[in-house]
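For reference, the structure discussed in these notes is given below.
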Amino acid sequence: MTSPRGGNLLRLRLVRWLALIVAAAGAPLPLAGQGSLEDVPSPALRAAEDAVRDQLDEVRRQVDALLLNTSADSIEKAEAIGRLAALYHAYDLLDAAAAGYRNAERLAPSTPRWPYLLGVVYRWAGDFEAAAASLERARELPSSNPGARLAVLLQSAEVALKLGRLGEAETLAREALELGGDSPVSAAAHQVLGDVASSSDDLKAAIRHYETALGDQPQATRLHYLLGQLQRRAGNIDSARDHLRQAGQAEVSFADPWLALIYLEVAGSAALQQQGASVKAVGQLEAAVDIYRRAVENDPESPEARRDLGALLAQTGKYRESADQYRAAVRLEPDKALHRFSLALVLEQLENSGGEALVEFRRAVELEPDYQEFRRALADRLAQLSLFAEALSHFEHLLNDEPTDQEARLGRAKVRMASGDLDGALADARIVAREAERTALRAEGLGLLGEALAHKGDGPGAMNAYRKALELEPEFAGAHFGLGNLLGVAGRYPDSAASYRRALEIDPGRSAAWQGEATALALAGREAEAVSRLREGCEILADPASVPLESSLVRLLLTAQDPAVRDPDGALELADALFRRAATAQHGELLAVSLAAVGRHADAVKLLQQMLASLPAGSAPQLERHWRSLLAEWHSDGP
Amino acid sequence: MRFQPTQRFARCRIGVAILGVLCAVSATAEPVFDERAAELGLDFVHRNGMRGEYFFSEMMGPGVALADVDGDGDLDVYLVQGGPLASRSSAQLPTDRLFRNDLIETGQLAFTDVTVAAGLTLATEYGMGVAAGDFDDDGRVDLYLTNFGRNQLLRNEGIDDRGQVRFRDVTDEAGAGDRRWSVSASFSDLDRDGRLDLFVANYVDYALAIHKPCRNYTGAPDYCSPLAYGPEPDRLLRNVGGRFERATESAGLAKTFGAGLGVVAADLDDNGWTDLYVANDQSANQMWMNQGESAGSGPRFADESLLGGTGVNAEGRPEAGMGVAAGDPDGDGDVDLLVSHLVRETHTLYLNQGGGFFDDRTQDSGLAQASWDATGFGAVWLDFDSDGNLDLAVANGAVKHLEHLLRAGDPFPLHQPNQLFRNLGAQPAGPRFEDVTPRAGEAWALSEVSRGLAVGDVDNDGDPDLLVGNNNGPVRLLLNRTPRSGAWLGLRLLESSGRDALGAHVRIDREGSRAIRRTVRTDGSYASASDPRILVTLGTGEVTRIEVTWADGTRESFSSSMVKPGVYTTLRRGSGGAKTAE
């Protein structure tokens, strides 16, 4: 802090003397030099945002003008200087803010706001003695704002704690508690009282106060840490762990009307971004979004403001808005690969935006060809879209750059597998399974090895690979599924069904596993259980993922060996619903077969004939032959 | 070292005649340090490559090392270099530098640049830090370089025909590579198999390709916070006999991580297994408690930082952990921790309460307010005034522009003076520290952007000196000239192979005084490696016994007749007396 001592005092006198000369000549009087007022340092604003610099220059000019105005009273001057100090405060220019607040206090010594805000600045600057003195002056002045009075008391209590003045902190917190009643201040006061008790090793009292505070503000997860530490000190390790599991960074909050005011006039966007970041850091994401929005409103042409808002919106699940912000950032900085990459990631979360996402991924890689993560993401995306050749080229690029990049090798193995290069996939999968650092990656390599070996017809080798994968990662659903397939092929239906079920316990969204389990159960003679599991799967999977399961269920109900399970009427009902939802050839055939199964041969024949007529000539000869054979069968069976 | 009594000490000497013992006890010599790097041949200026883009990595280095790499009995100096950040492929890249200490050969403290002769022109990555340890157990100190780029393991090949130490890059063959941004690393024997494992603290997922412009509150360009990028997982490399296996996940160390900057290995719960403490920048620290090793599968760790009280500060808030110092400032025999932090935070003191539980005693220690204005990086314990209490030195330098320097038109407005805190001795609430920086002379009045800090007895005179790595500035060597107030004992503990016995604990029993406990380590601080030798002030009591607990838990006693005050004595494993299993 600048203080008018020694050289500064001399400088102050010189400035005042110069000010008098300047004033006499009719020029504007600098902020310094008004009676007992001290020099307010001019912050370095050369590199500041234009809006901030212009605002501060303008307000400072206004203050200077007001100070020269002999008709203005000291309260008016204090308000002007205080407003300037508050702006400095909001922009974290603490030396200038402190000097401004000191001047405001000198001009309006009966206004508690100035010593209060000065105390806050001193506290931020780590000068707790000065903070305590300022806050004490603020406390001694009457205030018509009860909320502000409470804030003064709580700030004072916290500063007293910092200085180790436990008794004073307790007195102040109790006064706040009395004044605040059940308001949010109660939690803050109890927290201070808890701190006091904790510092005095009165663990019981501290726990009581923190628990009260937590009861008032359950969202204040930081209290859990404090409680956890107290419980640990009290020897209650289980309770301590329980609290620590719930610990977070959300603070006890209460409205501080004077402090809130300082941010209202902030211009530009950077200060708001910083403020938003602070709020975000303590987990108040929605509040942070609001502040970031203000930052964008203040400077819509700031790519950083757009970027930060976009990131936070994505974090809160607002992908469409997030994409808009990133698009704006891309517009402002089209050659910034990170904007494009972030936009692509967000677009991937939106329906029907895959094409745009791919364009942005590609552009990011073009702009920063040496940054592996962009290329990896593009390669993964291309592989998902079955654009195997292009995906392969990017995985190759990654591996040329870093041959030990096992993630890239696994990606290449998957692409090789999908494009039919089984030997290549096997070679890569073996290396990943052996050399990857992360267990999950090694297990994935083994899973892929199992899949490739199964395709090559090496059942025992495949089974061995899956089992090794499961030793590493018992919760690897893909390996359980693969094992289920192999066991089914080997005719070990109960084991196969158990493997599928394990896969489904981990990942119930695997449609093929539901079908596999039902098939294995049916082949094991447990048809009722198979039907029950298929029905369960249909409930869990939403349309359209449930469609293959519904088809399987229709078939099982039609073909079950167990008369108690076979249910042609149920099958017909299901098939009819399926056909109504999607009149595909497969659904039509299922419906026709179901109609025939309940004896409605004429309807079945009519439907199949209609479908035959709609088949373009020669388009599906096998299907046509199959349907004609069904028609022949029904004609012979029919009445 | 020249003896130049300060006024206060001179008064004390006069008073000795009258007050006798009383003065010896109460004498607290004022700190006297001379900065003599350039004069002694340490001709080195770190270049961070800044061009105005505020690349995040440009203000995080450099580390420094004090290590006897040529095995001649004095500490050589390794200095980490940065260089340009952009367009490195086409740039002429500077290398790290090795300076040989000629003290033993010539009797004069002086340094000679032996970088080229030592084969270190290969150290051209954008450097962050350096760790020192003999990973291949051949009795020679190897170096691990943490880089913003590919890390490098430099094997010490010994002395060549020309009498020059040589290094070879064995990163790939030893399996020690890491391309992520690493800052600090620690050699220690975590599985008690007699081999040094390596833990690498990684920082954030940053590359120039994803550089984000950041600004301060006024909108002026400034450096980003680590929260602008995702943290990188740390890595454990398990030594399986001169090469390493990646064991991060199998050891349970992948479960949680932050933006790691500082790391120290120490037995924090006194159970005989070396634990790991990682200081993370703006996220909770990790305190990895070693749960031992079973059936050769390697050590297992669990993060107990929150329960143990070292994850966040006393208020439950994570701080910007930079450097970490492990030591015993309260003299109760266990390991306490000091973590250096950002301005508007504190250098936080975690005092060990036993059983792996710590209390944040920063407020009571006097460190809170004294460190509020400083951004600390390197931090080391040292008994600079030879009063038997471990004092604290912290290398400071901001990471965001300081407004008062901007106002003064400073072109590199991050510099701050380093700090020296005198330990005033144990109080009921723990040790109390006094910031003696303002009285510590010109060497401590320097205001620079300091990062790495290593402690060691560079001139072998029995007191600790300091080596400071400055970002975009010259290296500083602070020779301790503080008047000594008692006899000293220096020990170098070696395994039977001849390597420094990192992790070994020594207990020095004295007549009529409490035992002194110290641990052999080179790690801790920030991105730096310190003198592994044990240096203690004996005071008035005669040494009666020395007991070493080696890193594998075996205890060995050494007769007091094997050591002599005032010189360094090497105690080699197996050369002592009775051995006991743990």
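Bear in mind the structure is a predicted one, so any value in this text is a computation, not a measurement. Chain naming here is simple, since letters A, B, ... match the order of the sequence lines and numbering starts at 1 in each.
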Indicate the atoms forming the closest heavy-atom contact of [X] with [Y], along with that distance.
{"X": "B:Trp372", "Y": "A:Trp124", "answer": "NE1-O, 3.0 Å"}
{"X": "A:Ala270", "Y": "B:Gly219", "answer": "CB-CA, 3.2 Å"}
{"X": "A:Ala125", "Y": "B:Asp373", "answer": "O-OD1, 3.4 Å"}

Interatomic spacing from CD1 in B:Ile210 to CD in A:Glu373 - rounded to 0.5 Å: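 Rounded to the nearest 0.5 Å, the CD1-CD separation comes out at 8.5 Å.
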Reported CZ-to-CZ distance for the pair A:Arg46 and B:Arg407, which is rounded to 0.5 angstrom: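 Going from the CZ atom of A:Arg46 to the CZ atom of B:Arg407 covers 15.0 Å.
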Side chain, backbone, both or neither of [X] within contact of chain A (heavy atoms, under 4.5 Å):
{"X": "B:Ala314", "result": "backbone"}
{"X": "B:Val343", "result": "neither"}
{"X": "B:Glu345", "result": "neither"}
{"X": "B:Asn216", "result": "backbone"}

Ion pair check, [X] and [Y], cut-off under 4.0 Å:
{"X": "A:Asp92", "Y": "B:Arg344", "answer": "yes"}
{"X": "B:Glu249", "Y": "A:Arg442", "answer": "no"}
{"X": "B:Arg215", "Y": "A:Glu49", "answer": "no"}
{"X": "A:Glu437", "Y": "B:Arg235", "answer": "yes"}
{"X": "B:Arg179", "Y": "A:Asp405", "answer": "no"}

Which residue out of [options] racks up the most heavy-atom pairs below 4.5 Å with chain B?
{"options": "A:Lys336, A:His224, A:Gln273", "result": "A:Lys336"}
{"options": "A:Ala364, A:Ser198, A:Ser199, A:Ala44", "result": "A:Ala44"}
{"options": "A:Leu338, A:Leu45, A:Leu223", "result": "A:Leu338"}
{"options": "A:Leu56, A:Asp401, A:Asp308", "result": "A:Asp401"}
{"options": "A:Glu368, A:Gln274, A:Lys280", "result": "A:Gln274"}

Counting only heavy atoms closer than 4.5 Å, note whether [X] contacts chain B via side chain, backbone, both or neither.
{"X": "A:Leu272", "value": "neither"}
{"X": "A:Leu244", "value": "both"}
{"X": "A:Gln372", "value": "side chain"}
{"X": "A:Ala51", "value": "neither"}
{"X": "A:Tyr225", "value": "side chain"}
{"X": "A:Arg53", "value": "neither"}
{"X": "A:Arg123", "value": "backbone"}
{"X": "A:Phe341", "value": "neither"}
{"X": "A:Ala90", "value": "backbone"}
{"X": "A:Arg232", "value": "side chain"}
{"X": "A:Glu251", "value": "side chain"}
{"X": "A:Lys162", "value": "both"}
{"X": "A:Ser42", "value": "backbone"}

Below 4.5 Å, heavy-atom pairs only: which of [options] has the largest tally toward chain A?
{"options": "B:Ala254, B:Pro318, B:Ser250, B:Ala207", "value": "B:Pro318"}
{"options": "B:Glu315, B:His404, B:His211", "value": "B:Glu315"}
{"options": "B:Thr346, B:Asp222, B:Leu306, B:Leu307", "value": "B:Leu307"}
{"options": "B:His401, B:Gln369, B:Gln282, B:Gln363", "value": "B:Gln369"}

Verdict with supporting geometry, A:Ile237 and B:Phe357, side-chain contact (heavy atoms from CB on, under 4.5 Å): CA-CA 11 Å; A:Ile237 300 299; B:Phe357 296 141; 3.8 Å; yes
Main-chain N/O of A:Leu94 paired with B:Glu403 side-chain donor or acceptor, under 3.5 Å: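 No, the answer is negative, given that no donor and acceptor are paired below the 3.5 Å cut-off.
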Sidechain-backbone polar pair: A:Gln229 side chain, B:Asp359 backbone, donor-acceptor under 3.5 Å: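 Not at all, since once roles are kept as given, no pair shorter than 3.5 Å links the two residues.
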[X] vs [Y] side-chain heavy atoms within contact, under 4.5 Å:
{"X": "A:Arg307", "Y": "B:Pro213", "answer": "yes"}
{"X": "A:Arg241", "Y": "B:Glu304", "answer": "yes"}
{"X": "B:Cys214", "Y": "A:Glu304", "answer": "no"}
{"X": "B:Tyr217", "Y": "A:Val266", "answer": "no"}

